[in-house]
2 protein chains.
Amino acid sequence: MGEEIRSLTEVDRLLHEPSRTVIIAILYAVESADFLYLQREAGLTKGNLSAHLSKLEEAGYVEIEKTYRGKIPLTLCRLTEAGRKAFEDYRRQIKNFIEKV
Amino acid sequence: MGEEIRSLTEVDRLLHEPSRTVIIAILYAVESADFLYLQREAGLTKGNLSAHLSKLEEAGYVEIEKTYRGKIPLTLCRLTEAGRKAFEDYRRQIKNFIEKV
DNA sequence: GCAAACCAGTTTGTAATGCAAACCGCAGAA
DNA sequence: TTCTGCGGTTTGCATTACAAACTGGTTTGC
């Protein structure tokens with residue numbers, strides 16, 4: 001029993017932050033989203049979304065492509081393979097914990 | 001879909017910290033545990049366990065009874081009704097998220 | 001033409017956090 | 001006495017998450 005419970009302390013802290021879990025979960029579903037879509041869908045302020053995306057990019061979990069829609073800046077985000085795998089791992093760990101307790 | 005995902009940002013941050021989740025999960029199972037048992041079982045240092053317990057106590061999630069076993073100090077911890085309910089709520093939210101994504 | 005408002009984000013300021021290391025009081029041994 | 005645990009608590013610090021202020025550029029109103 002103990003082992004199973006303690007294992008929770010090893011979850012990926014980057015993904016264990018609810019705002020980021022939500023961002024990643026959205027990206028996991030759609031495969032590509034622009035900044036504003038992500039903001040609406042995740043219910044975050046621009047500032048916080050920006051900060052969280054930077055961290056996720058730094059970790060290699062998301063790719064950010066800065067482009068334009070006409071003359072307006074457009075920021076496109078997608079999960080990398082590493083991000084995809086990290087999320088699946090995270091999900092499995094959490095699920096395992098929930099079930100075993 | 002969106003609602004279900006966003007809801008994760010409303011989880012109880014106190015319980016969403018892995019160390020504390022583990023502490024509470026243990027207390028949920030045993031109904032009463034002393035400091036050192038908890039420390040071993042949760043795999044925490046004394047310092048961190050002490051700090052986390054203080055927070056949980058402050059939140060009204062655990063009761064801490066300081067007594068003695070002979071002449072040695074003994075700190076007994078148990079979940080309050082509020083703590084029990086909070087953990088059940090937390091668990092339900094997490095489970096719901098995991099399932100819906 | 002040019003200021004004001006707006007858009008899509010980024011940077012900054014700050015209070016709160018989690019962790020490790022240092023510390024504390026007490027009991028028993030030497 | 002002094003020393004060595006034992007059972008915790010407090011302190012120091014680097015990291016954080018969030019909100020508010022800011023930026024670079026575009027469109028609108030006059």
Side-chain angles (χ1 to χ4, degrees), chain A residues 5-27 32-59 61-78 90, chain B residues 6-27 32-59 61-78 86 90:
Chain A
I5 291 184
R6 260 195 303 280
S7 74
L8 190 67
T9 58
E10 288 154 22
V11 291
D12 187 334
R13 308 295 284 230
L14 212 70
L15 294 186
H16 197 57
E17 168 60 34
S19 300
R20 283 190 297 259
T21 315
V22 167
I23 292 170
I24 293 285
I26 294 169
L27 291 179
S32 172
D34 66 79
F35 190 95
L36 293 177
Y37 171 79
L38 220 42
Q39 194 203 332
R40 272 200 322 277
E41 211 63 17
L44 295 169
T45 63
K46 294 169 195 297
N48 292 337
L49 177 55
S50 178
H52 286 310
L53 281 177
S54 293
K55 292 205 170 183
L56 292 169
E57 186 185 23
E58 218 172 321
Y61 288 176
V62 311
E63 271 173 7
I64 297 178
E65 183 188 356
K66 280 165 191 318
T67 168
Y68 286 89
R69 176 176 42 206
K71 293 178 175 176
I72 325 174
L74 182 69
T75 299
L76 283 176
C77 314
R78 66 172 55 76
Y90 174 75
Chain B
R6 260 194 303 279
S7 73
L8 190 66
T9 59
E10 287 153 22
V11 291
D12 187 334
R13 308 295 283 230
L14 212 71
L15 295 186
H16 197 57
E17 168 60 32
S19 300
R20 283 190 298 259
T21 316
V22 167
I23 292 170
I24 293 285
I26 294 170
L27 291 179
S32 172
D34 65 80
F35 190 95
L36 294 177
Y37 172 80
L38 219 44
Q39 194 202 332
R40 273 199 321 277
E41 211 62 19
L44 295 168
T45 63
K46 295 167 194 298
N48 292 338
L49 177 55
S50 177
H52 286 309
L53 282 177
S54 294
K55 292 204 171 183
L56 291 170
E57 186 184 22
E58 218 172 322
Y61 288 176
V62 311
E63 271 172 8
I64 297 179
E65 184 189 354
K66 279 167 192 316
T67 170
Y68 286 90
R69 176 175 43 204
K71 295 178 175 175
I72 327 173
L74 182 69
T75 299
L76 282 177
C77 314
R78 66 174 53 78
Y90 174 75

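Here is the naming used below: chain letters follow the sequence lines, and residue numbers restart at 1 for every chain.
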Should B:His52 be listed as having a side-chain N or O under 4.0 Å from OP1 or OP2 of C:dT17? no
Is B:Lys71 close to B:Tyr68 at the side-chain level, that is, under 4.5 Å between some pair of heavy atoms? no
On DNA chain D, does the nearest nucleotide to A:Glu17 precede the nearest nucleotide to A:Tyr68 from the 5' side, or the other way round? Give the residue. A:Glu17
Whole-Å distance, B:Leu44 CG to C:dA21 P, equals 15 Å
So, do A:Lys46 and A:Leu49 sit near enough that their side-chain heavy atoms are less than 4.5 Å apart? no
Give the rounded distance in Å between these two atoms: CD of A:Glu10 and P of C:dG18. 18 Å
Taken to the nearest whole Å, CG/B:Leu14 to P/C:dT17 is 8 Å
If we only count heavy atoms from C-beta on, is the B:Tyr61 to B:Ile23 side-chain gap below 4.5 Å? no
Nearest to the side chain of A:Thr45, which nucleotide is it out of C:dG18, D:dA19, D:dC18? D:dA19
Spacing between B:Glu65 atom CD and D:dG7 atom P, to the nearest angstrom: 17 Å
Is there side-chain contact between B:Tyr90 and B:Ile24, with heavy atoms separated by less than 4.5 Å? no
Can a side chain N or O of B:Arg20 be found less than 4.0 Å away from OP1 or OP2 on C:dG18? yes
Without decimals, in angstroms, what is the distance between B:His16 NE2 and C:dA16 C1'? 17 Å
Validation row: A:Glu65, A:Ser32 side chains within 4.5 angstrom (heavy atoms): no
Rounded to whole angstroms, how far apart are CG on A:Leu56 and P on D:dT16? 12 Å
Separation of A:Lys71 atom NZ from D:dT28 atom P, in whole Å? 11 Å
If we only count heavy atoms from C-beta on, is the A:Leu53 to A:Leu38 side-chain gap below 4.5 Å? yes
Specify the separation, in whole Å, of atom CD1 of A:Ile23 and atom P of D:dA17. 11 Å
Hey, does the side chain of A:Arg13 come within less than 4.0 Å of C:dT17's phosphate (OP1/OP2), counting only N and O? no
Atom pair CZ/CG of B:Arg20 and A:Leu8 - distance to nearest 0.5 Å: 12.5 Å
Strictly by Watson-Crick or wobble contacts shorter than 3.5 Å, is anything paired with C:dC19, and which nucleotide is it? D:dG12
Please produce a list of atom pairs where a protein N or O lies less than 3.5 Å from an N or O of nucleotides 7-14 of chain C.
residue	atom	partner	partner atom	Å
C:dG9	OP1	A:Thr75	N	2.7
C:dG9	OP1	A:Thr75	OG1	2.2
C:dT10	OP1	A:Lys66	NZ	2.7
C:dT10	OP2	A:Ser50	OG	2.5

